[in-house]
Structures are given as C-alpha cells and as structure tokens.
Amino acid sequence: MIRTVQATRYALPLREGGSLPGLVEADDLGFYVVKFRGAGQGPLALVAELVAGEIGRRLGLAVPELVFVEVDPALGRNDPDAEIRHLLKASVGLNLGLDYLPGSIMFDREAGDTASAEVASMAIWFDAFVQNVDRTARNPNLLVWHRSLHFIDQGAALYFHHNWQSAASKAESPFPEVAKHLLLPWASAIPAAAAKAKSLLDTDALREILALVPDEWIESGERSAQERRNDYLEYLTRRLSASANFEEEAIRSHDRLL
Ligand SMILES: Nc1ncnc2c1ncn2[C@@H]1O[C@H](COP(=O)(O)OP(=O)(O)O)[C@@H](O)[C@H]1O
Ligand SMILES: [Mg+2]
C-alpha cells in the first residue's frame, strides 16, 4: 500500500540531475522529496521511481518510503521562481514523494564509505535487473543515513519504457553498464544475492507492484493503463527468466576488478 498525502508547502528545490525534485511539506507534517509529473522527463520517470523503488524494497534494500503526493493548484502559486511556478502548475494531481532523510549524506568512496558484500551484491542484482545506469561514483544516488545505505533516484531505471518498439530486444540484455556501478568492488557475493532475489521476486510480486501505478501515469492513446501494466509485466518476467545473462556479466565485471 502506498499512502497519499497532500502537499501543503513547497519548501526548497533540490537541483542535482535534471528532474527538478523539490522538498515538500505535507499534511501529515512529514517532509518528502517530490518527483513532479510536470517535470521535463514526464510521468514515466515517476513510474520508474515507483516500480523500481518497490522492487528494491522487495529485495530487502533500504528505499525511503514512497508516497503519492497530491498537488493542488494553490501550491507555490506565489513562489518567486517562475520555473517552479510552472512546474507546480503542470503537476496538479498525483506526484511521487520519497520520505526525506534528514542529515543523510551521499555515499563517497573517497571519504571512506564502504558497503557489505551482501548489500553491494544485492544492489548490483537490483540495478542490473531494472537497468538503472545512475549508480556511479559521479552520480551515486546512494545515501548514507543512520549508518546504512539508502537507495534513491530510480527515475532512470526501466528505460525501455521510453521506446516500446525496441523494448523486446532489451529484456535479455546482459547490462554491461554494471562495470561502472559504484558498489561493484564490494559485490563478492553475487550468486548468493541472485538466489535470494529470485526467491523474493516472481511474476505475482511484480504484478502486485505494477498494480500500484496510477492509471494516469501510464495510459496513452495507444494502450490502456491495464494493457500497459501487462506490457511491463511481460518485459520484467522475461528479464527475470533471463537473469543469468546479467548475473554472469556482473560476476565477470567484479572479477575483472581483482
Ligand atoms: N529521500 C531523500 N532524503 C534526503 N535527500 C534526498 C532524498 N532524495 C533525494 N535527496 C537529495 O536530492 C538530490 C536530488 O534527488 P534525486 O532523486 O537524485 O534527483 P535528480 O538526480 O534527478 O535531481 C539527491 O542527490 C540528494 O542529495
Ligand atoms: Mg540523482
């Protein structure tokens, strides 16, 4: 279940990548980092954040709680920044929020941050499965908070959904981009992580996660929301059955570092 909260205050922009997330206070008095539907990358970035994020959680990785954030037309109407006013106006309705982790800091290997073999190996499996290229030393999207690693910014995952025509050919791909994954050096237990991942994730689990996606984020003239959910399910089920391809690639990439 994903909770729905009402945005009550746009507090601060968090410009890092291109998605213009903002720190928002909500009616439950919580603070959330919100990915806006009206941002340049469109609603599919929110779909990726939600679907990949919940897959990560299923795998036992720490992903901040995800909530739907309802934006009404009054939010930020008087913000001095025109770009923010436009963004909020284009985002009236449902958006996606991540629980804000106060005092968290970005993972930095140079500063001595490390990961356990268990978490690093599962992270490798996770990002290879959802095809997320945004977990590199330059762009970690990994927060250290209360001494554990928290996975944020899954918005670039599932990139096949930007082009369904060519999607079929990518479901079984080995994901060579894993070579640049910032946790690869610690990922010495990929076979164990893979076995665990496949015990936690199956077609039913994927179907449950896809059922969380709001219709208005995925329906198009071409496909109804339910047809689209089935497209995702088919793709991800195929990727799961071909997981040996990306598991072998990840193990080879890790061994090359030794
Ligand atoms: N849940 C969170 N708690 C604390 N800070 C966060 C959280 N989510 C994002 N941030 C901060 O906001 C920045 C931008 O968020 P991110 O999701 O990476 O979007 P993008 O890279 O598209 O701008 C992050 O690099 C991080 O510093
Ligand atoms: Mg980011």
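Just so you know, ligand 1 is whichever comes first in the structure, and atom 1 is the first atom listed for that ligand.
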Participant: Determine the minimum heavy-atom distance between Ile124 and Leu183, stating which atoms define it.
Facilitator: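 The answer is CD1-C, 4.3 Å.
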Participant: If the cut-off is 4.0 Å to any non-hydrogen atom of Leu143, which atoms of ligand 1 fall inside it?
Facilitator: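 In order of number, 2 (C), 3 (N), 4 (C), 5 (N), 6 (C), 7 (C).
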Participant: Using a 3.5 Å cut-off on N or O atoms only, is Leu101 in polar contact with ligand 1?
Facilitator: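 N/O-N/O distance below 3.5 Å exists for this pair.
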Participant: Determine which of the N, O or S atoms in Asp153 is closest to the Mg ion (ligand 2) and give its atom name.
Facilitator: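 Sorting the N, O and S atoms of Asp153 by distance to the Mg ion (ligand 2) puts OD2 first.
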Participant: Excluding sequence neighbours, so at least two apart, what forms side chain to side chain contact (heavy atoms under 4.5 Å, CB included) with Asp108?
Facilitator: Glu110, Ala111, Asp113
Participant: With atoms numbered from 1 as shown, which atoms in ligand 1 lie under 4.0 angstrom from a non-hydrogen atom of Asp99?
Facilitator: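 Going through ligand 1 atom by atom, the ones under 4.0 Å from Asp99 are 1 (N), 2 (C).
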Participant: Going by the order shown, which atoms of ligand 1 are within less than 4.0 Å of some heavy atom of Met106?
Facilitator: 24 (C), 25 (O), 26 (C), 27 (O)
Participant: Parallel, tilted or perpendicular: which fits the ring planes of Trp125 and Phe129, with parallel below 30° and perpendicular above 60°?
Facilitator: parallel
Participant: How about Asn141: does one of its N, O or S atoms come closer than 2.8 Å to the Mg ion (ligand 2)?
Facilitator: yes
Participant: Who pairs with Ser241 by side chain to side chain contact (heavy atoms under 4.5 Å, CB included), at least two apart in sequence or on another chain?
Facilitator: none
Participant: Suppose I only count heavy atoms of Asn141 and a 4.0 Å limit; which atoms of ligand 1 are within that range?
Facilitator: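 Per the distance check, 18 (O).
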Participant: Any N or O of Tyr100 that comes nearer than 3.5 Å to an N or O of ligand 1?
Facilitator: no
Participant: Between the main-chain N or O of Asp134 and the side-chain N or O of Asn141, is there a donor-acceptor pair closer than 3.5 Å?
Facilitator: yes
Participant: Kindly say whether Ala250 contributes a backbone atom to a donor-acceptor pair with the side chain of His254 at under 3.5 angstrom?
Facilitator: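 A pair under 3.5 Å: no.
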Participant: Could you tell me whether a side-chain N or O of Glu227 sits under 3.5 Å from a main-chain N or O of Ser224, the two making a donor and an acceptor?
Facilitator: yes
Participant: Which of the numbered atoms in ligand 1 are under 4.0 angstrom from any heavy atom belonging to Leu14?
Facilitator: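 Ligand 1 atoms under the 4.0 Å threshold to Leu14: 12 (O), 14 (C).
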Participant: Which of the atoms in ligand 1, numbered in the order shown and given with their element, are less than 4.0 Å from a heavy-atom of Ser104?
Facilitator: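 Listed by number with element: 4 (C).
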Participant: Please list, in number order, the atoms of ligand 1 under 4.0 Å from a heavy atom of Lys35.
Facilitator: 16 (P), 17 (O), 19 (O)
Participant: Between Trp186 and Arg109, is there a cation-pi geometry (under 6.0 Å to ring centre, at most 45° from the normal)?
Facilitator: yes
Participant: Taking the side chain as C-beta and beyond, is there a heavy-atom pair between Glu247 and Pro191 under 4.5 Å?
Facilitator: no
Participant: Quick check: Asp153 and ligand 1, any N/O pair under 3.5 Å apart?
Facilitator: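 Checking ligand 1 against Asp153, an N or O pair does fall under 3.5 Å apart.
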Participant: Under a heavy-atom criterion of less than 4.0 Å, does Gly155 contact ligand 1?
Facilitator: no
Participant: Should you measure from each heavy atom of Pro21, which atoms of ligand 1 turn up under 4.0 Å away?
Facilitator: 14 (C), 15 (O), 19 (O), 23 (O)
Participant: When you measure from the side chain of Arg37 to the backbone of Glu216, do you find a donor-acceptor pair of N or O atoms at a distance under 3.5 Å?
Facilitator: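 Not confirmed, Arg37 side chain does not pair with Glu216 backbone.
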Participant: Quick test of your reading of the structure: of Val33, Val34, Leu142, Leu98, whose heavy atom lies closest to atom 2 (C) of ligand 1?
Facilitator: Val33
